[in-house]
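Written below as structure tokens is the structure these notes are about.
Chain letters run A, B, ... following the sequence lines, proteins first, then strands; residues in each count from 1. A quick note: this is a predicted structure, and the numbers were derived from the prediction, not measured.
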Protein chains: 2
Amino acid sequence: MDWELDKKRPLCPQICEQLCIMIARDDLKPGDKIMSVREVALMAQVTPNTVQKSYEQLEQQGVIYSRRGAGWFVSENQEIAQDVREQYIRSKTGDYIKDMQILGLSGDEIEKYVKEFINE
Amino acid sequence: MDWELDKKRPLCPQICEQLCIMIARDDLKPGDKIMSVREVALMAQVTPNTVQKSYEQLEQQGVIYSRRGAGWFVSENQEIAQDVREQYIRSKTGDYIKDMQILGLSGDEIEKYVKEFINE
DNA sequence: ATTACTGTATCAGTACAATAATACAGTTGG
DNA sequence: CCAACTGTATTATTGTACTGATACAGTAAT
């Protein structure tokens with residue numbers, strides 16, 4: 001995982017997304033311990049405070065949870081990981097198709113561009 | 001055009017993108033007068049100041065230009081509109097494909113999702 | 001010329017994200 | 001037990017985006 005964040009954009013959403021990607025990729029499995037707020041803060045060059053806030057947001061979505069003093073862990077609920085993956089894919093795909101259709105692109109044109117970029 | 005911006009995200013980039021979309025769609029053609037900062041401000045529920053700043057950013061990219069007292073206009077350079085369109089499509093497509101591949105999706109899987117969302 | 005529109009500039013105030021520093025509390029392994 | 005790690009909380013500060021108000025200057029049409 002590359003914890004190189006875009007400092008020009010809000011950091012918390014980026015940290016949340018990175019975590020979600022790792023879960024969606026199954027790099028982090030249900031129940032796994034994840035990196036501490038201080039570890040991530042060091043790698044991502046941000047404040048522990050910022051990571052804490054990001055983790056709390058994911059906790060609120062039920063994706064991860066904390067045990068005081070012990071660390072943060074991926075939710076044991078097996079469905080969550082699959083949900084995170086599906087929602088990520090569908091959200092990104094939906095946004096992308098919508099953007100292209102607003103520009104007036106036909107289905108065939110969209111597929112043409114998609115195929116072009118897959119082969120690289 | 002729906003000037004309903006997402007107030008939770010930076011407004012200037014959103015205003016810039018809306019303008020670019022209108023140019024890419026050919027709703028605004030080279031040389032066309034575009035809405036004044038005050039008009040857009042009113043419709044988008046933002047400050048004229050914010051629109052001004054957005055316009056200045058697009059001006060720096062050569063997409064639009066101003067004539068003091070007269071208004072803002074789309075660049076007369078015919079290439080610009082085509083560039084805006086192509087760059088928009090390629091940027092979005094590239095980002096999307098990259099996001100999907102990071103998740104480990106194959107080309108076939110990506111195309112499957114794309115086709116699914118086109119039919120809606 | 002007057003009027004009503006344009007762009008442009010400035011400044012103070014607000015809201016929020018993130019920093020930086022510090023402290024406290026719970027867990028774990030040697 | 002103890003040391004080294006965890007999460008959690010607090011406070012003050014910074015940087016930035018945006019607001020709101022106001023003012024000035026150029027354009028264009030009647």
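Within the 4.0 Å cut-off from OP1 or OP2 of C:dT8, at least one side-chain nitrogen or oxygen of B:Ser66 is found. The shortest distance between the side-chain N/O atoms of A:Ser36 and the OP1/OP2 oxygens of D:dC5 is not below 4.0 Å. Here B:Trp72 does not reach the OP1 or OP2 of C:dT6: none of its side-chain N or O atoms lies under 4.0 Å away.
Taking atom CD of residue B:Gln52 and atom C1' of nucleotide D:dA21, one finds them 16 Å apart after rounding to whole Å. At whole-Å resolution of the value, CG in B:Leu42 and P in C:dC5 are 12 Å apart. C:dT8 atom P lies 13 Å from atom OH of B:Tyr65, rounded to whole Å.
With A:Ser75 contributing its side chain and A:Asn77 its backbone, the two residues share a donor-acceptor pair below 3.5 Å.
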Protein-proximity profile, nucleotides 10-20 of chain C, B/S/- by nucleotide at the 4.0 Å heavy-atom cutoff, equals BB-----SSSB
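Ring orientation note: the planes of B:Tyr96 and A:Tyr96 are close to parallel, at an angle under 30° on the 30°/60° scale.
No donor-acceptor contact under 3.5 angstrom links the side chains of B:Ser54 and B:Gln57, judged on distance only.
Applying the 4.5 Å side-chain rule to ILVMFWY residues, one finds B:Tyr65 in the same cluster as B:Phe73.
The salt bridge (charged side-chain N to carboxylate O under 4.0 Å, His left out) analysis of residues 11-20 of chain A, with sequence neighbours excluded, yields the pairs A:Glu17-A:Lys92. Pairs of residues two or more places apart, or lying in two chains, that qualify as side chain to side chain donor-acceptor pair (under 3.5 Å) and include a residue from residues 110-119 of chain B are A:Glu86-B:Tyr113, A:Arg90-B:Glu116. The salt bridge (charged side-chain N to carboxylate O under 4.0 Å, His left out) contacts involving residues 33-62 of chain B comprise nothing, where partners must be two or more places apart or lie in separate chains.
Applying the salt bridge (charged side-chain N to carboxylate O under 4.0 Å, His left out) rule to B:Glu76 yields no partners; only residues at least two apart in sequence or on another chain are considered. With sequence neighbours excluded, no residue forms a side-chain hydrogen bond (donor to acceptor under 3.5 Å, both in side chains) with A:Asn49. B:Glu4 is linked by a salt bridge (charged side-chain N to carboxylate O under 4.0 Å, His left out) to nothing, counting only residues two or more places apart in sequence or in another chain. In this view, B:Ser36 satisfies the side-chain hydrogen bond (donor to acceptor under 3.5 Å, both in side chains) rule with no residue, not counting sequence neighbours.
In this structure, B:Lys8 does not pair ionically with B:Asp6, as no charged nitrogen and carboxylate oxygen lie closer than 4.0 Å.
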Protein and nucleotides 26-29 of chain D: nitrogen or oxygen contacts under 3.5 angstrom:
unit_1, atom_1, unit_2, atom_2, d
D:dG26, N2, B:Gly69, O, 3.2
D:dA28, OP1, B:Arg67, NH2, 2.8

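Clustering ILVMFWY residues whenever any of their side-chain heavy atoms sit less than 4.5 angstrom apart, transitively, puts B:Leu42 in a cluster other than the one holding B:Trp3.
For the contact set between residues 54-64 of chain A and DNA chain C, defined by any heavy atom under 4.0 Å, there are no members.
Terminal axes of the helix from C:dA1-D:dT30 to C:dG30-D:dC1 (five pairs each, C1' rotation axis) are separated by 20°, to the nearest 10°.
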